[in-house]
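Read through the structure below, which is laid out as structure tokens, and then see the notes.
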Amino acid sequence: MSVLSGLVCVHNEEARLAECLERLAFCDEIVVVADRCTDRSEAIARKMGARVVSGIFPVEGLRKEAGVAACRGDWILELDADEAVTPALAREIRETVARSTADWHQVPVDNYVGAQLVRHGWGGSFGASSVARLFRRGVKSWKSERVHPGTIFTGVYGGRLHNAILHKVDDDIADMVQRLNRYTALRGQDLADSGKIKSLWDDLFRGVRRFYKCYVSRKGYKEGDMGFLIAIMAGLYPLLSNLKAREIRALNGVQTVRSSGGAVIGLTVEDTRLGHSA
């Protein structure tokens, strides 16, 4: 019989970790990665029978990789602390790992803002309606971005499950705005480090396109005011990330300029004093 591991990576999640772990009781084991936790998250995890991996992980992908390495199961179900598994999804997951010949599966997500279920309009690095969270050990890896790192899968895709993960994505609009600020700060740092900063016009166009995709193509209009707000947030994401990256580089003494070929190049303050050009 296939062994199923539940994996949760946390940073100071004492307020909601217990409920998340309670919903993972159907797994054969639970692994919690505690990243620089200063609250009771580790104690709660151990009290509930989880195996805890403690450490300092500079980027999200590293703590995910540490968690996978600690799992002993053939299959891994990956959750965040603000997510929960329903009894129906738990049954479907057990049935899937028992019979699936594939290597990974998508799982639908029901996103809640406060008490409101918002089904439409998610996307553009600001939310997802389906996630690849059920996979065999060894087939999923993460890239090095600080927030929502890209993932790489090997093996065979087995399709999407029917039942959804419950995701308490934001408490209210203020919480959503704070999340946008956090995400764009982290994305801005990634862009500043890499130097891969597009022009403001490029990211303005990307923002407009993302708004259209979320509000029209993904039917965010069906969610009323909340759908409009989510589309606005998704549209602002690339533009704010760009501006924050420029701010970070300016504070570090690097000017962002464009060469005649259109590439974005960083010049230090000393370069500009010496008259160096792109």
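Just so you know, these numbers come straight off a predicted model, no measurement behind them.
For Asp172 (side chain) and Gly114 (main-chain N/O), no donor-acceptor pair under 3.5 Å exists by modelled atom type. Without hydrogens or angle criteria, Glu145 side chain to Gly150 main chain gives a donor-acceptor distance under 3.5 Å. For the pair Lys244 (side chain) and Asn181 (backbone), a donor-acceptor distance under 3.5 Å is present. The backbone N or O of Val3 lies less than 3.5 Å from a partner atom in the side chain of Asp74, making a donor-acceptor pair. Judged purely by atom type and a 3.5 angstrom limit, Asn12 uses its side chain to pair as donor or acceptor with the backbone of Thr38. A donor-acceptor pair under 3.5 Å is absent between the side-chain atoms of Asp203 and the main chain of Asn242, judged by distance alone. Checked by atom type and distance alone, the side chain of Glu83 pairs as donor or acceptor with a backbone atom of Asp80 at under 3.5 Å.
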query = Which is it for Arg146 and Asp193 under the salt bridge (charged side-chain N to carboxylate O under 4.0 Å, His left out) test, yes or no, and what are the steps along the way?
reply = CA-CA 11 Å; Arg146 286 177 171 83; Asp193 289 349; 2.9 Å; yes
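For the pair Arg94 and Asp28, the salt-bridge criterion is met [side-chain N within less than 4.0 Å of a carboxylate O]. A salt bridge links Glu13 with Arg16: the distance from a Lys NZ or Arg NE/NH1/NH2 to an Asp or Glu carboxylate oxygen falls below 4.0 Å. Remark: Asp103 engages Arg136 in a salt bridge, criterion side-chain N to carboxylate O under 4.0 Å.
Ile44 pairs with exactly one of Glu42, Lys47, Met48 by the side-chain contact (heavy atoms from CB on, under 4.5 Å) rule, that one being Met48.
Because its NZ or CZ atom is both nearer than 6.0 Å to the ring centre of Phe126 and within 45° of the ring axis, Arg179 counts as a cation-pi partner of that residue.
The heavy-atom pair separating Ala128 from Asn111 by the smallest distance is O-ND2, 2.9 Å. Heavy-atom minimum distance, Val216 versus Tyr221: O-CE2, 3.8 Å.
Checked by atom type, the side-chain pair Thr96/His105 shows no donor-acceptor distance below 3.5 Å.
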